[in-house]
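Chain letters run A, B, ... following the sequence lines, proteins first and then strands; every chain starts at 1. None of these values were measured; they are calculated from a predicted model.
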Amino acid sequence: MADFKSLPGFREFYPEDRAVLDHLFKVWRQACRRYGFREWESPVLEPLELFTEKSGEEIVRQLFNFEDKGGRQVSLRPEMTPSLARMVGARANGMAKPIRWFAIGENYRYEKPQKGRLRAFYQLNADLLGEAGPTADAELMALCADCLLGFGLTSNDFRIRISDRTLWFRYLEGQGVPEPKIAGVLNVVDKLERGSPEELLKAMNLAIQDTACDAVKLLEAARRFAAINSIADLEKLAAGDAPMMARLEDWRQLLSTVEALGFRDCVTIDLTIVRGLAYYTGFVFEAFETGGDARALAGGGRYDTLVKKMGGPDLPAVGFGMGDVTVRDLLQSKNLIPTYADGPEFYVMILGPEARATALADVAALRRAGFRVEYNFRDGKFGKLIQTAENIGASYALIYGGEEVAKGETKVRCLRERVEGMVPRADLVPALRAVREEGIKAILP
RNA sequence: GUGGAUGUAGCUCAGUUGGUUAGAGCAUCGGUUUGUGGUACCGAGGGUCGGGGGUUCAAGUCCCCUCAUUCACCCCA
C-alpha cells in the first residue's frame, strides 16, 4: 500500500468524515439560501493567467499549476473569485442587481501542509455584486456570522473584526505617504502584530523608498491608528478632515445596519486587519475564533474594481470565503459535530430460502416508498442476523421466516426497546410510516 | 522554501545492553449442535517494523540517505 498513498495535503474522507463535510455544506447552504443567495460552480482547472492576472506572477509559487497535454499553462483554482468575476462580468449587463451568489468548492494551493492548512480544502464563497453602499457589506457580515451560528456556535465563540482600507488610505495620505506607495505600506501594517521591530523597520523602509517619509515615525503612527477601536476615537482623529469624516458616515451606517440585523455582538472594530491582498478596496473583515488558537475562520471584504479589471463592467462587489478545515477543527473542539448515524431504518432478516422471494418483494416495495432498507444476502441463523442488525445500527428488524410468510405477516422488532409486533404484509408501507413517525408503539396492540 | 520532533497490524501501543518464527488490547471475520441481540468463551485473517543503503555472525533496535506525518518560521486569495 505504501506506493499508493494519497498525495501530501490531500485528504481522504471515509464515510464518517464525509458525513461531517456534508454537515458543514448543509449549514452553509441553508444560511446562504435564507439570505437569497443562489449557488453557482466553475471549473476546477483554469488557465494560469486567470490567477496571475489578478495577483501577479509571484503567486505562482503557491499555485498548483502545470502544463497540460496541449501545451497550455493551467492551474487548479486557488480560489473562486477570479472565476466569479469572469462569469458575472460576462452576463452582468443582463442580470438583476444586486447579484447574490454563493459557491462551495474545493480549492488547491501548493503549500507545505500544516495544521489548518492543506493543499486541497473546501471553501464557501459568498458574494454580493452591484451594490456599493455599506448596507451590502453589513449583509455579508451578517451572513458570515450566520454561517457560523448555524452550527450552534455562539457570538462568544468567534468575532468578526472589521477594518477599512479606505480609512487607511486617507490616514496614510495624511501622513504624507504618496498614493502609489500606500499598498506597500499596508502590507507592512498587516504584519504589525507578528513581525519583530527590526523586520518591520526594514520592511517599512523598503515600502517608503524614494519618499520623504520617516519609517520610524510612520510605524509609530500606524501603530497608533491600528489601536483605535471605536467610532468616537476615530471622530476625534478625523476632526477637520472632510474625506475622513465622510467615510465615518459609512462606518456608522455599516454598524447600525449590522446592529439592526441583530449581529452587533458578533463584530468588533479592529483596524489591524488590512488583508494581504491588494484588490480589496474598502471595508475588510475577518472572523476569528475567540478561544486559545484564535485562528481565522473566514475573511472577506469589498473589491469594487476587480470585475472591471477582469474585463467585465464596472461592478462594485463584496464577498467572503470560509474554509472547511478551521471550522471543522473549531466545531470538533466545541463538540458541535452531530454524531454519525446512518444505519438503515429497517434490516430485513431472511431466515430461509422459502422466505427470500417474499422478503425481497417487500424490500423493493419499501425502498420505492423511500425507506432505507438492508437485508442479508446469505441465509443465516436468527441470533446472528439480529446481531448484524444491531451492529450496523438499524433501528428496526423485519423478520421473514416460515411462520410469518405463511400468515402473510411481517414481524417488526424495535432493536432499542426490544419489543415487537406483527403487521399484515398488505399494510406494510403505511404501518412502517407510522412506526417511523411514532415508534414501535404505533403497531402494538 | 528553512528548522525541530515522530514513523511497528485498520486504531492505540509493547518490543530488554542488537539475539530464534515481531506481540497485546480494541476493531474485523468465523464459531459456541439450526427463531430472539449489545456481555462471555474459542478460533482466524491482517505487518517487507515508512522506503533504500550501510555496520554486524545477527538490525524493529546502531549509522547514512530518502519519503511521509507533525510543529514552528515564510506565506496565507
Please list, pair by pair, any protein nitrogen or oxygen found under 3.5 Å from a nitrogen or oxygen in nucleotides 2-8 of chain B.
residue: B:U2; atom: O4; partner: A:K112; partner atom: NZ; Å: 3.3

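Note: CZ (A:F121) to P (B:A77) measures 10 Å, nearest angstrom. Residue A:R295 contributes atom CZ, which lies 10 Å from atom P of B:C71 at whole-angstrom precision. The distance between atom CG of A:N391 and atom P of B:G38, rounded to the nearest whole Å, is 10 Å. Atom C1' of nucleotide B:G30 and atom CD of A:Q387 are separated by 13 Å, given to the nearest angstrom. Counting to the nearest Å, the C1' atom of B:G35 and the CD1 atom of A:I350 are 15 Å from each other. We find that CD of A:E111 is positioned 14 Å from P of B:U69, with the value rounded to whole Å. Atom CG in A:L118 sits about 12 Å away from atom C1' in B:U69, given to the nearest Å. One atom, CZ of A:F382, and another, P of B:U33, lie 17 Å apart when rounded to the nearest Å.
Remark on RNA chain B: of its neighbouring residues A:G383 and A:Y108, the 5'-side contact belongs to A:G383, judged by nearest-heavy-atom nucleotide.
Between B:U8 and B:G3, the distance separating the two P atoms is 24 Å to the nearest Å. When the P atom is compared between B:A59 and B:G50, the two are found 15 Å apart, to the nearest whole Å.
Here the side chain of A:D324 pairs no donor or acceptor atom with the backbone of A:Q123 at under 3.5 angstrom. Distance alone, capped at 3.5 Å, is enough to place a donor-acceptor pair between the A:T211 side chain and the A:C213 backbone.
A:L385 comes within 4.0 angstrom of nothing in the nucleic acid, heavy atoms only. If you check every strand for non-hydrogen atoms under 4.0 Å, A:P78 touches a base. Base contact: A:E404 has a heavy atom under 4.0 Å from a base atom. No engagement by A:G300 is indicated, since no non-hydrogen atom pair under 4.0 Å with the nucleic acid exists. Using a 4.0 Å heavy-atom cutoff across all strands shown, A:G299 reaches no nucleic acid atom at all. Contacts of A:K191 with the nucleic acid, taken as non-hydrogen atoms under 4.0 Å apart, involve only primed sugar atoms and P, OP1 or OP2.
Between A:D22 and A:K26 no salt bridge is recorded (no basic side-chain N to carboxylate O distance below 4.0 Å). Between A:K411 and A:E420 a salt bridge is recorded (basic side-chain N to carboxylate O distance below 4.0 Å). The pair A:E49-A:R86 does not meet the salt-bridge criterion, since no charged nitrogen lies less than 4.0 angstrom from a carboxylate oxygen. A:E111 and A:R119 are not joined by a salt bridge, as no carboxylate oxygen comes within less than 4.0 angstrom of a charged side-chain nitrogen. With respect to A:E67 and A:R72, no salt bridge is recorded, no charged nitrogen being found less than 4.0 Å from a carboxylate O.
A:Y303 meets the side chain to side chain donor-acceptor pair (under 3.5 Å) test with A:D127; sequence neighbours excluded.
A cation-pi contact, defined as under 6.0 Å to the ring centre and within 45° of the axis, is absent between A:R295 and A:F288. Cation-pi geometry between A:R247 and A:F283 is met: under 6.0 angstrom from the ring centre, within 45 degrees of the axis.
Looking at RNA chain B, the stems built from 3 or more consecutive Watson-Crick or G-U wobble pairs, each pair with its key distances under 3.5 Å, are B:1-7 with B:67-73, B:10-13 with B:23-26, B:28-32 with B:40-44, B:50-54 with B:62-66.
Here the nucleotide nearest the side chain of A:I386, chosen from B:U36, B:A77, B:A68, is B:U36. The listed nucleotides are B:G35, B:C75, B:A77; the one nearest the side chain of A:R109 is B:A77.
Dashed line: the shortest gap from a side-chain N or O of A:K381 to OP1 or OP2 of B:U33 is not under 4.0 Å.
In the interface, the side chain of A:R413 is paired with the base of B:U36 through a donor and an acceptor atom under 3.5 Å apart.
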